[in-house]
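As structure tokens, the structure follows; a few thoughts come after it.
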Amino acid sequence: KDYSVCPTYPPAVIVPRTIDDETLRKAAKFRQGGRFPVLSYYHRKNGMVIMRSSQPLPGANRKRCREDELLLQAVNDSSNQGYIIDTRSPQLAQQARMTGGGFESKSNYSGWRRLHRNLERGKVLQESLIKLVEACNDQSNNMDRWLS
């Protein structure tokens, strides 16, 4: 309510019904910017989901948050393997530990496997988005230029 848990999330988010508000508050404190795992996509036919969040904050001491672990376990029943896709390189994820960040520990997030898929950040993505917006707003070109 009132964006008090995470100011960058919309007023309503979807989380497992078994997770109460206090669990969400504690899980949010364990995630950078308070961005706890929320539903981004649900496949109706097979029940698979895509959730998103920010990095956890275990730090150099490898702290854990049982509420965060509970939130992710509520999504993944024991018959499925879930994947945590970290958009940083393994080296950057490891370096983040020294400044309070980090990644989910394999031993605390059973049923989940972490994969690293490094994505471009910042200026490269911004420049790409600007070019896309400019192309979409360009009135001088017709559809023939885009279709082949």
Side-chain angles (χ1 to χ4, degrees), residues 1-138 146 148:
K1 186 177 175 182
D2 301 323
Y3 308 97
S4 61
V5 176
C6 179
T8 61
Y9 276 171
V13 294
I14 299 173
V15 296
R17 80 180 67 190
T18 58
I19 301 298
D20 61 27
D21 289 348
E22 187 57 28
T23 301
L24 286 179
R25 279 190 211 59
K26 289 180 180 179
K29 287 180 181 177
F30 187 65
R31 296 278 172 168
Q32 186 175 40
R35 292 184 297 274
F36 57 90
V38 295
L39 182 71
S40 292
Y41 174 80
Y42 174 74
H43 192 281
R44 286 182 191 231
K45 289 184 180 177
N46 66 18
M48 295 289 122
V49 300
I50 296 175
M51 298 183 73
R52 64 174 300 165
S53 68
S54 62
Q55 72 171 320
L57 302 172
N61 294 333
R62 300 179 185 214
K63 293 181 294 190
R64 65 188 289 191
C65 175
R66 295 191 193 279
E67 290 79 9
D68 190 71
E69 296 164 22
L70 182 66
L71 175 55
L72 283 174
Q73 292 304 43
V75 173
N76 191 19
D77 67 25
S78 59
S79 65
N80 289 321
Q81 170 81 45
Y83 295 92
I84 296 171
I85 301 174
D86 194 323
T87 60
R88 303 167 293 175
S89 69
Q91 295 79 15
L92 284 176
Q94 199 67 258
Q95 288 174 358
R97 273 209 165 130
M98 297 307 121
T99 58
F103 48 87
E104 294 82 359
S105 165
K106 215 185 274 189
S107 62
N108 297 337
Y109 292 84
S110 59
W112 293 90
R113 182 173 170 218
R114 186 171 24 92
L115 303 172
H116 289 275
R117 299 296 181 258
N118 195 23
L119 291 180
E120 292 286 343
R121 297 262 193 279
K123 190 171 181 159
V124 174
L125 285 179
Q126 184 180 18
E127 289 171 355
S128 179
L129 178 61
I130 289 169
K131 288 178 183 177
L132 175 63
V133 171
E134 287 173 352
C136 291
N137 290 326
D138 187 353
W146 299 101
S148 59

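Between the side chains of Gln55 and Arg88, at least one donor N or O sits under 3.5 Å from an acceptor N or O. Ser110 and Gln73 are linked by a side-chain donor-acceptor pair at a separation below 3.5 angstrom, with hydrogens and angles left out of the test.
The distance from atom OG1 of Thr87 to atom CG of Leu115, rounded to the nearest 0.5 Å, is 12.0 Å. Rounding to the nearest 0.5 angstrom, the gap separating the CG atom in Asn108 from the CZ atom in Arg66 is 7.5 Å. Taking CD from Glu67 and CD from Glu69, the interatomic distance works out to 8.5 Å, rounded to the nearest 0.5 Å.
Qualifying salt bridge (Lys or Arg N to Asp or Glu O under 4.0 Å) partners for Arg31, counting only residues two or more places apart in sequence or in other chains: Asp68, Glu104. In this structure Glu22 satisfies the side-chain contact (heavy atoms from CB on, under 4.5 Å) test together with Asp20, Arg25, Lys26, sequence neighbours excluded. For Asn61, there are no side-chain hydrogen bond (donor to acceptor under 3.5 Å, both in side chains) partners, not counting sequence neighbours. Judged as a side-chain hydrogen bond (donor to acceptor under 3.5 Å, both in side chains), and not counting sequence neighbours, Ser40 has no contacts. Shown here are the side-chain hydrogen bond (donor to acceptor under 3.5 Å, both in side chains) partners of Ser105, two or more places apart in sequence or in another chain: Ser107. Applying the side-chain contact (heavy atoms from CB on, under 4.5 Å) rule to Arg44 yields the partners Tyr42; only residues at least two apart in sequence or on another chain are considered.
Annotation: cation-pi pair Arg97/Phe103 present, NZ/CZ under 6.0 Å from the ring centroid and within 45° of its normal.
Looking at Gln32, its side chain never comes within 3.5 Å of a backbone N or O of Ser53 through a donor-acceptor pair.
In plain terms, the two heavy atoms of Gly111 and Asn76 that are nearest each other are O-ND2, 2.8 Å. When all heavy atoms are compared, the tightest approach of Leu71 to Pro16 is CD1-CD, 3.7 Å. Closest non-hydrogen pair, Asp86 versus Ala93, comes out as OD2-CB, 3.9 Å. Nearest heavy-atom pair across Gly102 and Ala96 is N-CB, 3.8 Å. The two residues Cys6 and Gly33 make their nearest non-hydrogen contact at SG-O, 3.6 Å. Between Thr8 and Arg35 the shortest heavy-atom distance is OG1-CD, 3.4 Å.
A 6.0 Å sphere centred on CD1 of Ile14 holds no more than 12 heavy atoms belonging to other residues, nucleotides or ligands.
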Q | Candidate pair Gln126 and Leu129, rule side chain to side chain contact (heavy atoms under 4.5 Å, CB included), full reasoning | A | CA-CA 5 Å; Gln126 184 180 18; Leu129 178 61; 5.8 Å; no
Q. Ile84 and Arg113: side chain to side chain contact (heavy atoms under 4.5 Å, CB included), yes or no, with the steps?
A. CA-CA 6 Å; Ile84 296 171; Arg113 182 173 170 218; over 6 Å; no
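Ring pair Tyr9/Phe36: centre-to-centre distance below 6.0 Å.
Residues Leu39 and Val13 are not in side-chain contact: their nearest non-hydrogen atoms beyond the backbone lie 4.5 Å or more apart. Side chains of Thr23 and Leu70 form a contact here, defined as non-hydrogen atoms less than 4.5 Å apart. Trp112 places a side-chain heavy atom less than 4.5 Å from the side chain of Leu72.
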